[in-house]
Amino acid sequence: QVQLVESGGGLVQPGGSLRLSCAAPISIFGIGLMAWYRQNPGKERELVAGVIRDGTTNYADSVKGRFTISRDNAKNTVYLQMNSLKPEDTAVYYCKMQNQIGAYWGQGTQVTVSS
């Protein structure tokens, strides 16, 4: 029943910025991959960005150059800095962390980009 704790979602105008955070309890150790996904009703959950332990990152083509994922291993936390936001970025954003035991998900946080 362990769940990651997300924060930072909200309403922002096009071109604006938002920073999401996701923290894992200390009991989730040895996290190799931290990632962010997003999902809209009736659509499949989409990988937005991922970062492995050494800091290597990957991004969906739709967010490259606008979003930055980072992690603080000491805090068991992953961040998603979202800049130049577009209406199509509107979604529920979920964080995910993976270790050798399994995958863990956040509760989701709503990001709405609208005028």
Side-chain angles (χ1 to χ4, degrees):
Q1 312 232 56
V2 63
Q3 192 172 53
L4 312 178
V5 179
E6 300 184 29
S7 63
L11 174 65
V12 65
Q13 295 187 3
S17 297
L18 214 54
R19 182 178 173 88
L20 306 182
S21 299
C22 173
I26 196 64
S27 60
I28 303 179
F29 57 89
I31 299 169
L33 171 67
M34 298 182 177
W36 289 94
Y37 291 73
R38 64 188 181 189
Q39 187 171 29
N40 279 301
K43 300 294 183 67
E44 296 179 357
R45 190 168 295 187
E46 171 193 24
L47 176 65
V48 176
V51 57
I52 59 175
R53 196 168 187 88
D54 69 356
T56 303
T57 59
N58 69 285
Y59 298 91
D61 288 342
S62 59
V63 307
K64 284 180 180 176
R66 300 187 298 117
F67 290 11
T68 302
I69 188 171
S70 60
R71 61 190 284 170
D72 185 333
N73 293 326
K75 295 181 180 294
N76 257 18
T77 300
V78 62
Y79 306 93
L80 186 66
Q81 178 67 47
M82 303 183 292
N83 298 325
S84 302
L85 282 162
K86 304 174 180 180
E88 55 260 43
D89 295 318
T90 296
V92 177
Y93 283 70
Y94 298 89
C95 61
K96 174 190 176 182
M97 300 189 187
Q98 186 124 35
N99 63 9
Q100 289 190 353
I101 297 175
Y104 308 87
W105 291 88
Q107 80 280 6
T109 185
Q110 177 71 48
V111 172
T112 302
V113 185
S114 176
S115 299

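Small disclaimer: the values here were computed from a predicted structure and weren't measured.
Here Ser115 pairs with Pro14 under the side chain to side chain contact (heavy atoms under 4.5 Å, CB included) rule; sequence neighbours left out. Under the side chain to side chain contact (heavy atoms under 4.5 Å, CB included) criterion, Arg53 pairs with Arg71, Asn73, sequence neighbours left out. With sequence neighbours left out, Lys64 forms a side-chain hydrogen bond (donor to acceptor under 3.5 Å, both in side chains) with Asp61. Annotation: side-chain hydrogen bond (donor to acceptor under 3.5 Å, both in side chains) contacts of Ser70 (sequence neighbours excluded): none.
The backbone N or O of Lys75 sits less than 3.5 Å from a side-chain atom of Thr77, completing a donor-acceptor pair. The backbone N or O of Lys43 sits nowhere less than 3.5 Å from a side-chain atom of Asn40 that would complete a donor-acceptor pair.
Atom CG in Asn76 sits 7.5 Å away from atom CD1 in Ile28 (nearest 0.5 Å).
Listed by first and then second residue, the ring pair (Phe, Tyr, Trp, His ring centres under 6.0 Å) pairs involving residues 58-80 amount to none (not counting sequence neighbours).
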Throw together a table of side-chain donor-acceptor distances under 3.5 angstrom for residues 90-97, partners on residues two or more places apart or in other chains.
residue: Thr90; atom: OG1; partner: Pro87; partner atom: O; Å: 2.9
residue: Thr90; atom: OG1; partner: Val113; partner atom: N; Å: 2.9
residue: Thr90; atom: OG1; partner: Val113; partner atom: O; Å: 3.4
residue: Tyr93; atom: OH; partner: Arg38; partner atom: NH1; Å: 2.9
residue: Tyr93; atom: OH; partner: Asp89; partner atom: O; Å: 2.7

Please report, to 0.1 Å, the donor-acceptor pairs under 3.5 Å made by any side chain of residues 17-26, with sequence neighbours excluded.
residue: Ser17; atom: OG; partner: Asn83; partner atom: OD1; Å: 2.8

Taking distance alone, no hydrogens or angles, what donor-acceptor pairs closer than 3.5 Å link side-chain atoms of residues 99-107 to residues at least two apart or in another chain?
residue: Asn99; atom: OD1; partner: Ile101; partner atom: N; Å: 2.9
residue: Asn99; atom: OD1; partner: Gly102; partner atom: N; Å: 3.0
residue: Asn99; atom: ND2; partner: Phe29; partner atom: O; Å: 3.0
residue: Gln107; atom: OE1; partner: Glu6; partner atom: N; Å: 3.1
residue: Gln107; atom: NE2; partner: Glu6; partner atom: O; Å: 3.2

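Between Leu47 and Ala35, the shortest heavy-atom distance links the atoms CD1-CB, 4.0 Å. Heavy-atom minimum distance, Arg66 versus Ser84: NH1-O, 3.0 Å.
The hydrophobic clustering, which links ILVMFWY residues whose side-chain heavy atoms are closer than 4.5 Å, places Tyr37 and Val78 apart.
Taking a 4.5 Å side-chain heavy-atom cut-off between Ile, Leu, Val, Met, Phe, Trp and Tyr, the cluster of Leu11 contains only that residue. Here Leu33 sits in one hydrophobic cluster together with Ile52; the rule is ILVMFWY side chains under 4.5 Å apart, joined directly or through other members.
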